[in-house]
Amino acid sequence: MIRQQLAWFDPARIGHSGQCFRFAPLPEGGGWGLTARGRRLCIRPDGDGFLFDCTPEEWETVWYPYFDLDTDYEAFAAAVNPRDAYMTAAVACAAGVRILRQDPWETTVAFILSQQSNIPRITRNLEAVCRAYGAPFADREGNIWYDIPTPAALAAASEEELRALGLGYRAPYLRAAAARIAAGQPDLASLAAMPYKKAHAALLTLPGVGVKVADCVCLFGLHKLDAFPIDTHIRQMLDAHYKRGFPMRRYKGFAGVLQQYAFYYELYGGKT
DNA sequence: ACTTGACCTGTTGGG
DNA sequence: ACTGCCAGGTCAAGC
């Protein structure tokens, strides 16, 4: 158990932000639990800081990078045009949200499942897939959790089995994409080293991955902060507030962070 | 190079 | 009780 005081870190908002689907309030309330990188982590507020139930070594090597704590998000917020009332409000509403460094394969699975769906259902579907095909592991209290299945494990599943988990027409997409990744086409690990546009193009070759999902994988799984996923909410936001186009030039290098703040603001408005 | 439907499914939500 | 529509899209078919 370690204690940290962190700038621009709000687990409640991160958990609700829709970038991750295995980050949920603890049943007893007051804290958050997440499953990622083959581990389980609980976060509980403690005065002006947070308690994390991990060792200092785990914090340094796993969770500090996972939460992207090396990146200065306050600088991104400060770079917002003060005359842009919409983005100023969005950033204030989403203050404390960071772009997690999630596993690219996990984000690929999650966002293939996300199409024409909603956050509660995506969460359920992803959990069902993990329970059915993922490797179980125990936390320090002996509770069992399930990792994201390997590409090979998902490729070996039948479409029928996947449909039985409630994935609908996404089942064949997921299965086929898993087979491609298992065969190293493309090799997800090597995408992280590519520039955003090359990585995006490679992801587009996957079945069930279109422009929007590829952008989500780039932003949330490959940490390409230039990626700017445009979904229905962001489409409406752009039409309403940026009729002359979003100022990508001004925000070059971190436009995706602002996309995430706008997305959060669209979903939760003034609340949370 | 566009535009248009079909596509699974729901601790659906609203009339 | 029922029907229609929507949810963080993608793909293939048709001009």
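Chain letters run A, B, ... following the sequence lines, proteins first and then strands; every chain starts at 1.
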Donor-acceptor pair under 3.5 Å, [X] side chain vs [N] base:
| X | N | answer |
| --- | --- | --- |
| Lys212(A) | dG8(C) | yes |
| Tyr264(A) | dG8(C) | no |
| Arg121(A) | dT12(B) | no |

Could you tell me whether [X] and [Y] make a salt bridge, using a distance below 4.0 angstrom between a side-chain N and a carboxylate O?
| X | Y | result |
| --- | --- | --- |
| Arg131(A) | Asp147(A) | no |
| Arg235(A) | Asp231(A) | no |
| Arg98(A) | Asp68(A) | no |
| Glu58(A) | Arg140(A) | yes |

Between CG on residue Asn125(A) and OG on residue Ser114(A), distance to nearest 0.5 Å: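 OG of Ser114(A) is found 10.5 Å from CG of Asn125(A).
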Quickly work out the [X] [atom1] to [N] [atom2] distance and round it to whole Å.
| X | N | atom1 | atom2 | value |
| --- | --- | --- | --- | --- |
| Asn125(A) | dG8(C) | CG | C1' | 14 Å |
| Ile234(A) | dA7(C) | CD1 | P | 14 Å |
| Ile112(A) | dC11(C) | CD1 | P | 9 Å |

Let's see if you can work this out: which of dC8(B), dG9(C), dG8(C) has an atom nearest to the side-chain heavy atoms of Arg170(A)?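 Selected nucleotide: dC8(B).
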When you measure from the side-chain N and O atoms of Gln116(A) to the phosphate of dG9(C), is any distance below 4.0 Å, counting only OP1 and OP2?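 For dG9(C), OP1 or OP2 has a side-chain N or O of Gln116(A) closer than 4.0 Å.
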Quick one: which residue pairs count as a side-chain hydrogen bond (donor to acceptor under 3.5 Å, both in side chains) with a foot in residues 84-97 of chain A, not counting sequence neighbours?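 Of all non-adjacent pairs touching residues 84-97 of chain A, those that pass side-chain hydrogen bond (donor to acceptor under 3.5 Å, both in side chains) are Asp84(A)-Tyr242(A), Tyr86(A)-Glu266(A).
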Taking Watson-Crick (N1-N3 plus N6-O4 or O6-N4) and G-U wobble (N1-O2, O6-N3), each under 3.5 Å, can you produce the dot-bracket string of DNA chain C? Use [ ] for crossing pairs and | for inter-strand ones. .....||.||||||.
With heavy atoms under 4.0 Å as the rule, sort Phe220(A) into base, sugar-phosphate or nothing.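 Base, at least one base heavy atom under 4.0 Å.
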